[in-house]
Amino acid sequence: MKILVVGASGFIGNILYDSLSRNHETIGTFCQHPSPGLIHLDITSEIEVGEIFDKYKPSVVFQPAALGNANLCEENRDRCFRVNFLGTKNLVGAAKKINSKFVYFSSDYIFDGKNGPYGEGDRPNPICNYGEAKLASERLIQEQLQRFLIIRTTVVYGWERAGKNFVVNLINNLSNNKTLKVPYDQIGSPTYAPNLVEVVEELVLLKKVGIYNVVGEDLMDRYAFSQFTAEVFGLDKQLLLPVSTTELKQPCPRPLRAGMKIDKVKNEIKTRLVGVREGLKLMRKERQDIHE
């Protein structure tokens, strides 16, 4: 396969790019964060997108690239939709022209968080700009393409250079003896990033199409997840302060009772989806291996 990873300098994209490059001809792109071997691409430019597709003609396109800061998306709706919808629209149009398979990463933010965890067939009802843009992209993909995978995931954690995901931010704060306010009323499905990538690769190799929830097997609130993290990494749990989401005064409303059901994907793949404790231990071992 000739593969294009759009957003290979990002968290999930970087893991995807490294993994796929071992066995396939893989082209990776970046927008704001240059990285060796990657090509610049602004997905909001239809011309730039067209040039990349004309030159490389990928058989499979992965799009983890997004403006993923939900608070920023809420404060700037135009930018949110320009990147997260128009950017996807440009990629979908280019993929359609050459019949590339399209793999899109979505979120449980497409739901309102009143009746989670959600299955693939549950009715979306986003309550924020980020969720609206993701849902609009999902619908566009289903309307325009036949060969697609929509991967819904959430609370993705693991090592990343930017250090933005929940677990890395928590480890950094607690390691410096800083207190951290953590919501006890945001329920989701924590997902170990390398495990997510492994499952998505298997779905592609099996030529699956459609919508798949790909998340860790545990459903829990953020405060409980933070306590597990502190325990596995030997950090002080007393620095974790349980608060309500309302107390955090975040610009973006969160789907509180969210998370996803994984019966469909578990029945169709061999790769096992790992739970929180195992995922965190794998993450800890990953750091130990680097330092040895």
Side-chain angles (χ1 to χ4, degrees), residues 1-7 12-13 16 29 31 41-54 56-68 70 73 77-113 118-154 196 199-201 203-215 255 258 260-262 264-265 268:
M1 291 187 292
K2 183 180 281 189
I3 291 170
L4 175 64
V5 179
V6 182
I12 296 172
L16 261 174
T29 75
C31 184
L41 174 63
D42 177 359
I43 62 173
T44 66
S45 168
E46 187 176 3
I47 292 173
E48 284 192 34
V49 170
E51 288 173 348
I52 289 280
F53 276 73
D54 287 343
Y56 294 104
K57 295 179 172 54
S59 54
V60 185
V61 180
F62 292 82
Q63 193 206 338
L67 182 62
C73 285
R77 183 178 175 85
D78 287 346
R79 184 180 174 194
C80 173
F81 273 81
R82 188 171 68 252
V83 176
N84 292 339
F85 176 70
L86 177 61
T88 302
K89 184 179 180 182
N90 290 336
L91 292 166
V92 167
K96 186 176 182 179
K97 285 181 182 177
I98 61 171
N99 196 31
S100 305
K101 183 162 188 172
F102 198 83
V103 184
Y104 178 74
F105 288 80
S106 191
S107 165
D108 64 351
Y109 274 54
I110 66 168
F111 298 105
D112 57 22
Y118 295 97
E120 285 87 350
D122 289 331
R123 186 176 69 86
N125 183 34
I127 56 174
C128 64
N129 291 338
Y130 179 73
E132 286 182 17
K134 284 290 185 182
L135 180 58
S137 294
E138 282 196 16
R139 287 174 172 165
L140 176 78
I141 290 163
Q142 293 175 83
E143 289 168 3
Q144 295 294 317
L145 303 176
Q146 292 182 317
R147 299 175 64 236
F148 68 86
L149 274 171
I150 292 171
I151 306 297
R152 291 177 179 164
T153 192
T154 187
L196 166 66
V199 171
V200 172
E201 286 187 46
L203 288 170
V204 171
L205 289 172
L206 291 172
K207 295 181 168 53
K208 299 292 184 179
V209 296
I211 300 172
Y212 285 84
N213 292 344
V214 182
V215 296
M260 299 180 186
K261 298 174 183 176
I262 52 175
K264 178 181 177 181
V265 73
E268 296 187 27

State, yes or no, whether a side-chain contact exists between [X] and [Y] at a heavy-atom distance under 4.5 Å.
X	Y	value
Val103	Gln63	no
Lys134	Phe85	no
Leu16	Phe105	yes
Cys73	Asn84	yes
Pro126	Leu135	yes
Asn213	Lys264	no
Phe62	Val204	yes
Leu67	Arg82	no

Which heavy atom of [X] sits nearest a heavy atom of [Y], and at what distance?
X	Y	value
Asn129	Phe81	O-CE1, 3.8 Å
Lys2	Tyr56	CD-O, 2.7 Å
Pro64	Gly7	CG-O, 4.2 Å
Gly131	Ile110	O-CG2, 3.7 Å
Ser100	Pro58	OG-O, 2.6 Å
Lys89	Leu140	CA-CD2, 3.4 Å

Results of side-chain hydrogen bond (donor to acceptor under 3.5 Å, both in side chains) for [X] - residues two or more places apart only:
X	result
Asp42	Thr44
Thr154	Asp108
Tyr212	Glu268
Asn125	Asp112

Return the [atom1] to [atom2] distance between [X] and [Y], rounded to the nearest 0.5 Å.
X	Y	atom1	atom2	result
Tyr104	Ile151	OH	CD1	12.0 Å
Glu46	Leu86	CD	CG	8.0 Å
Gln146	Lys96	CD	NZ	9.0 Å
Ile12	Thr153	CD1	OG1	6.0 Å
Glu120	Ile150	CD	CD1	11.0 Å

Residue list, side chain to side chain contact (heavy atoms under 4.5 Å, CB included) with [X], at least two apart or on another chain:
X	result
Thr29	Leu4, Val6, Leu41
Lys101	Val60, Arg147, Leu149, Val209
Leu206	Glu202, Lys208, Ile269
Ala94	Val49, Phe53

request  = List in chain and number order the residues that pass salt bridge (Lys or Arg N to Asp or Glu O under 4.0 Å) with Glu138, two or more places apart in sequence or in another chain; answer none if no residue qualifies.
outcome  = Arg152
task = Could you pull out all residues at least two apart from Glu132 that satisfy salt bridge (Lys or Arg N to Asp or Glu O under 4.0 Å)?
result = Arg77
task = Sequence neighbours left out, what pairs pass ring-ring contact (aromatic ring centres under 6.0 Å, His included) with at least one residue falling in residues 118-141?
result = Tyr109-Tyr130, Phe111-Tyr118
ask   = Got a donor-acceptor contact below 3.5 angstrom from the Asn90 side chain to the Gly87 backbone?
value = no
